[in-house]
Amino acid sequence: MSHVSKIEVEINDLASLKKACQRLGLEFCAGQTTYVWYGRLVNPESTPLPEGITEKDLGKCHHAIHIPNASYEIGVVQQGTKFLLLADYWDTRLKIAIGDNGGKLKQAYAVERTILEARRRNYRVIEKKTDTGIRLVLSA
């Protein structure tokens with residue numbers, strides 16, 4: 001069964017999203033206005049569309065994220081000053097690349113957003129991988 005889900009993270013900085021994509025080996029496709037998905041909404045009763053998105057909107061975007069070796073892509077849809085990420089998890093290679101509910105992509109975005117903001121404020125950033133994730137240490 002195929003359905004498109006919203007990845008729950010507030011994206012408000014495309015530069016950080018691009019860096020997050022690079023971090024994960026994904027390709028951010030600026031200005032790409034369509035993304036590849038199953039192409040047909042299946043069982044919408046059990047998987048409602050994200051708020052503000054209709055069936056006619058599926059497959060359309062402002063930018064896209066291409067996942068190497070995956071059939072489907074992620075749509076980056078602008079809503080005001082924020083961006084929604086729409087992904088069809090039917091493609092298991094997409095799901096593996098970005099994690100359950102986009103967990104790896106959310107983590108990478110948060111890391112890149114924090115690093116960018118820290119550097120703007122002239123903090124040094126040391127990044128360490130831990131058993132459970134990534135630790136950022138900021139110092140003046």
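Screening Leu94, Val36, Asp88 for a side-chain contact (heavy atoms from CB on, under 4.5 Å) with Ile74, the sole residue that qualifies is Leu94.
When all heavy atoms are compared, the tightest approach of Ser71 to Asp91 is N-OD2, 2.5 Å. Closest approach of Ala97 to Leu26, counting heavy atoms only: CB-CD2, 4.3 Å. Between Ile65 and Ile67, the shortest heavy-atom contact is O-CD1, 3.6 Å.
Applying the 4.5 Å side-chain rule to ILVMFWY residues, one finds that Ile96 remains a lone member of its cluster.
Under the rule for a side-chain contact (heavy atoms from CB on, under 4.5 Å), the partners of Ala30 that lie at least two apart in sequence or sit in another chain are Phe28, His63. Partners of Lys95 under the salt bridge (Lys or Arg N to Asp or Glu O under 4.0 Å) rule, at least two apart in sequence or in another chain, are Asp100. Every residue meeting the side-chain contact (heavy atoms from CB on, under 4.5 Å) condition with Ser139, not counting sequence neighbours, appears here in chain and number order: Arg124. Listed by chain and number, the residues in a side chain to side chain donor-acceptor pair (under 3.5 Å) with Asp13 are Ser16 (sequence neighbours excluded). The side-chain contact (heavy atoms from CB on, under 4.5 Å) test applied to Ala108 returns Ala20, Arg23, Leu24, not counting sequence neighbours. Among residues two or more places apart in sequence or in another chain, the side-chain contact (heavy atoms from CB on, under 4.5 Å) test is passed with Thr54 by Lys56, Asp57.
A salt bridge (charged side-chain N to carboxylate O under 4.0 Å, His left out) check over residues 25-39, counting only residues at least two apart or in different chains, returns nothing. Applying the salt bridge (charged side-chain N to carboxylate O under 4.0 Å, His left out) test to pairs two or more places apart or on separate chains, those with a residue in residues 64-83 are Glu10-Lys82.
Atom CD1 of Ile126 and atom CG of Leu138 lie 9.5 Å apart (nearest 0.5 Å). Atom SG of Cys29 is separated from atom NE2 of His62 by 15.5 Å, given to the nearest 0.5 angstrom. Taking OH of Tyr35 as the reference point, atom OG1 of Thr33 lies at 12.0 Å (rounded to 0.5 Å). Residue Leu14 holds its CG atom at 14.5 Å from NZ of Lys19, rounded to the nearest 0.5 Å. Here the OH-CH2 distance, from Tyr89 to Trp37, works out to 15.0 Å after rounding to the nearest 0.5 Å. Rounding to the nearest 0.5 angstrom, the gap separating the CH2 atom in Trp90 from the OH atom in Tyr72 is 8.5 Å.
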May I have the step-by-step check of side chain to side chain contact (heavy atoms under 4.5 Å, CB included) for Leu58 and Leu49, ending in yes or no?
CA-CA 9 Å; Leu58 297 176; Leu49 293 172; 3.8 Å; yes
In sequence, state the C-alpha distance, the side-chain angles, and the governing distance for Ile11 and Leu84, and then conclude on side chain to side chain contact (heavy atoms under 4.5 Å, CB included).
CA-CA 7 Å; Ile11 303 290; Leu84 295 177; over 6 Å; no
Pairs of donor and acceptor atoms involving the side chains of residues 130-137, under 3.5 Å and at least two apart or interchain, shall be tabulated with distances.
| from | atom 1 | to | atom 2 | distance (Å) |
| --- | --- | --- | --- | --- |
| Thr130 | OG1 | Thr132 | N | 3.3 |
| Thr130 | OG1 | Gly133 | N | 2.9 |
| Thr130 | OG1 | Gly133 | O | 3.1 |

Going by atom type alone, with no hydrogens or angles, which donor-acceptor pairs under 3.5 Å involve a side-chain atom of residues 115-122 and a protein atom two or more places apart or on another chain?
| from | atom 1 | to | atom 2 | distance (Å) |
| --- | --- | --- | --- | --- |
| Glu117 | OE1 | Arg120 | NH1 | 3.4 |
| Glu117 | OE2 | Arg121 | NE | 3.0 |
| Glu117 | OE2 | Arg121 | NH2 | 3.3 |

